[in-house]
Amino acid sequence: EHNSMEEILKKTVVTLPTYEMRDKSPPPPESNSLEFMLFYKSLEKEQRLEFLEKLSHDFGVDHRWASDLAAKLLDTQGRDVATILQVEDRLRYSLTPRYRQLLTHISKVQGGVKFLVDLRADLIEFASSKISDSPHMRDLNSTLKSLLSEWFSVGLLRLERITWQSPCEILQKISQYEAVHPVRNWTDIKRRVGPYRRCYAFTHASMPGEPLVVLHVALTEDIANNIQGIVREFATLDADEDVNKINAAIFYSISSTQAGLQGVELGNYLIKRVVRELQSEFPHMAQFSSLSPIPGFSSWLQGALGQHKKEGRATELLSEQEWREVEDVTGTAPGAPALEALRRLIGTSEWIHSDRLIHSLEPALMRLCAWYLYGEKRRGYALNPVANFHLQNGATMWRLNWQADTSPRGIANSCGIMVNYRYFLQETSTNSAAYMQNKFIKASEQVLGLVSQFQKSSKL
Ligand SMILES: CC(C)(COP(=O)(O)OP(=O)(O)O)[C@@H](O)C(=O)NCCC(N)=O
């Protein structure tokens, strides 16, 4: 088995031509790429890991060659610029990993790009599950990602609007891929492409019929604060749209479908492209916003409650008054049992059946959620992945909405709260740069107000 891995690699990963022959040597026969692809697809997961480790380790950059040229470049300092550029170009060429050529050859055969997208998905899986984080594998991943970013650049992507007239296989894929608000039946998907709705996908010529990333939009009078009104509404499915009722575009679900295209920023490009599309259809439209879930808030809150209980700082999360409410409603004695009672209520979503608790917990849960989104960080960026995505795009953390998602999932995941990340078109590039470079989060008065209430009561 091993020698066949070695054999296949030696045979299919051709050596880099010399610098002089770099543009003159003919590509290897297509059969090379096809043999590599067939062999790789025949491997089990763990064998693929072994195979890719060999490929990245033994068929990467010729380090000796690169260091010789680096030394040569140092020697040519002070020489005329033409000589320096010459040697720099030789050095640049010597830093090309041998496998990079194989990847470009594969991309030219039928199904090659899709193969490479799926191969990168394997690389990402190996890296994220920490079963292999060798520097060579990281190099292979970044080489492949940069090639994919070129092949899937926005100019080569096609925007497709999905309607009830789209082919069944596309509608079926859209339903399958929907990651945020699962589609339950035909009526569901018919509504999502029906009146006051738009559904767009990016496709690519190398992967025909495959939506790469899908965006669902609701056309509303003003910025939506509730998802049930969008995914549950029994709008007559054949009504004509009344343009006077359309002033805002609400992005209520976005999903990328190819794990191997992670980091290629397709979702960001699709949102910007759809905004342009809607502006041409509705020139007066001026409000563009997401209505986003807040996955992870409930579990973060449970952790915070546990932490504060241990450190006896429970009053920093809820005020005395708020704790008393919890004690009254749950009939618990003052102090720690109230905190346990609250954790159980949150954990079982029971509190949603008590109008009194819904009313009394709103201020506390809203300011805790504002802090979770705005204050909690991972390597300096927003901890919540959906917040991080929209903030990278340059959106403003615009409005937290109480009771925005009263479905069991919405209550369990984020105590029913949802957030609008609003796209102020003139500000997105400035906001994105400020976030990416200085980790600055652009937030509205409502959000900043909730955050400062939290900070006052918890002296954070
Ligand atoms: C939110 C999504 C679409 C962002 O994808 P994309 O723009 O390609 O970002 P990236 O993967 O290039 O970082 C993607 O992360 C996704 O599908 N997430 C799961 C569903 C969701 N909307 O959270």
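Here the structure is a predicted model, which means the values were calculated and not measured.
A donor-acceptor pair shorter than 3.5 Å can be found between the side chains of K272 and N268. No side-chain donor from either of R399 and N225 sits under 3.5 Å from a side-chain acceptor of the other. A donor-acceptor pair shorter than 3.5 Å can be found between the side chains of S253 and E178.
Using a 4.0 Å cut-off between charged side-chain N and carboxylate O, K45 and D122 make a salt bridge. A salt bridge is absent between D75 and K72; no separation between the charged side-chain nitrogens and carboxylate oxygens falls under 4.0 Å. Using a 4.0 Å cut-off between charged nitrogen and carboxylate oxygen, R184 and D188 count as a salt-bridge pair.
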Evaluate the criterion ring-ring contact (aromatic ring centres under 6.0 Å, His included) for residue pair F36 and F51; output intermediate values, then yes/no. CA-CA 11 Å; F36 182 94; F51 186 67; 5.4 Å; yes

Take D80 and T83 through the test side-chain hydrogen bond (donor to acceptor under 3.5 Å, both in side chains) and record every step on the way to the result. CA-CA 6 Å; D80 62 293; T83 309; 2.5 Å; yes

Determine whether D405 and Q228 satisfy the following criterion, side-chain hydrogen bond (donor to acceptor under 3.5 Å, both in side chains), listing intermediate values before the conclusion. CA-CA 6 Å; D405 182 352; Q228 270 66 45; 3.1 Å; yes

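Applying the ring-ring contact (aromatic ring centres under 6.0 Å, His included) test to H181 and every residue at least two apart in sequence or in another chain returns nothing. The salt bridge (charged side-chain N to carboxylate O under 4.0 Å, His left out) search around D68 returns R64, not counting sequence neighbours. Remark: S444 pairs with W398, Q446, V447 by the side chain to side chain contact (heavy atoms under 4.5 Å, CB included) rule, at least two apart or across chains. Considering only residues two or more places apart in sequence or on other chains, D139 meets the side chain to side chain donor-acceptor pair (under 3.5 Å) condition with none of them. Residues that satisfy the salt bridge (charged side-chain N to carboxylate O under 4.0 Å, His left out) test with R138, not counting sequence neighbours, are absent from this structure. Checked against ring-ring contact (aromatic ring centres under 6.0 Å, His included), F115 has the following partners two or more places apart in sequence or in another chain: Y40. Every residue was checked against the side chain to side chain donor-acceptor pair (under 3.5 Å) condition with E88, not counting sequence neighbours, and none meets it. In this structure R158 satisfies the salt bridge (charged side-chain N to carboxylate O under 4.0 Å, His left out) test together with E160, sequence neighbours excluded.
A donor-acceptor pair under 3.5 Å is absent between the side-chain atoms of R191 and the main chain of I230, judged by distance alone. Counting only distance, with no hydrogens or angles, the side chain of K54 and the backbone of E50 share no donor-acceptor pair below 3.5 Å. Formation of a donor-acceptor pair under 3.5 Å by the S128 side chain with backbone atoms of I124 is found in this model. Remark: the backbone N or O of L270 is not paired with any side-chain donor or acceptor of R273 at under 3.5 angstrom. At least one donor-acceptor pair under 3.5 Å links the side chain of D242 to the backbone N or O of N244. Checked by atom type and distance alone, the side chain of N384 pairs as donor or acceptor with a backbone atom of P295 at under 3.5 Å. Formation of a donor-acceptor pair under 3.5 Å by the S432 side chain with backbone atoms of Q392 is found in this model. Side-chain N or O atoms of T76 include none that pairs as donor or acceptor with a backbone N or O of R79 at under 3.5 Å. When atom types are taken as modelled, the side chain of R100 and the backbone of T143 share no donor-acceptor pair closer than 3.5 angstrom.
The distance from atom NZ of K11 to atom OG of S4, rounded to the nearest 0.5 Å, is 12.0 Å. For the atom pair CD of Q101 and OG1 of T104, the computed distance is 6.0 Å after rounding to the nearest 0.5 Å. Atom-to-atom distance recorded for F389:CZ and I271:CD1 is 4.0 Å, nearest 0.5 angstrom. Annotation: the span from D62 atom CG to T96 atom OG1 amounts to 11.0 Å, rounded to 0.5 Å. Of the inter-residue distances, the one linking I246 atom CD1 with H284 atom NE2 reads 7.0 Å to the nearest 0.5 angstrom. Atoms CG and OH, from L291 and Y252 in turn, are 10.5 Å apart once rounded to the nearest 0.5 Å.
Minimum interatomic distance between S94 and W65 (heavy atoms only, all atoms of both residues): CB-CD2, 3.7 Å. Across all non-hydrogen atoms, the minimal contact from L95 to A66 is CD2-CB, 3.8 Å. Minimum interatomic distance between I294 and I417 (heavy atoms only, all atoms of both residues): CD1-O, 3.6 Å. The minimum heavy-atom distance linking G60 with Y99 is given by the pair CA-CE2, 3.6 Å.
Between F251 and Y423, the ring planes lie perpendicular to each other; the angle is over 60°, past the 30° to 60° tilted range.
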Which donor-acceptor pairs under 3.5 Å do the side chains of residues 26-34 make with protein atoms, sequence neighbours left out?
residue, atom, partner, partner atom, Å
N32, ND2, T12, O, 3.1

Identify each donor-acceptor pair in which a side-chain atom of residues 210-221 lies under 3.5 Å from a protein atom, sequence neighbours left out, and give them as a table.
residue, atom, partner, partner atom, Å
E210, OE2, Y177, OH, 2.3
E210, OE2, Q258, NE2, 3.3
T220, OG1, D222, O, 2.7

Show me, pair by pair, the donor-acceptor contacts under 3.5 angstrom made by side chains of residues 433-443, not counting sequence neighbours?
residue, atom, partner, partner atom, Å
Y435, OH, A382, N, 2.9
Y435, OH, N388, OD1, 2.5
K442, NZ, E427, OE1, 2.9

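Around the CD atom of Q77, the shell of radius 6.0 Å holds more than 12 heavy atoms that belong to other residues, nucleotides or ligands. Heavy-atom neighbours of E150 CD from other residues, nucleotides or ligands within 6.0 Å: above the threshold of 12.
Under the ring-ring contact (aromatic ring centres under 6.0 Å, His included) criterion, the residue pairs touching residues 138-158 are F152-H204, with sequence neighbours excluded.
The side-chain heavy atoms of F59 and L102, taken from C-beta on, include no pair separated by under 4.5 Å.
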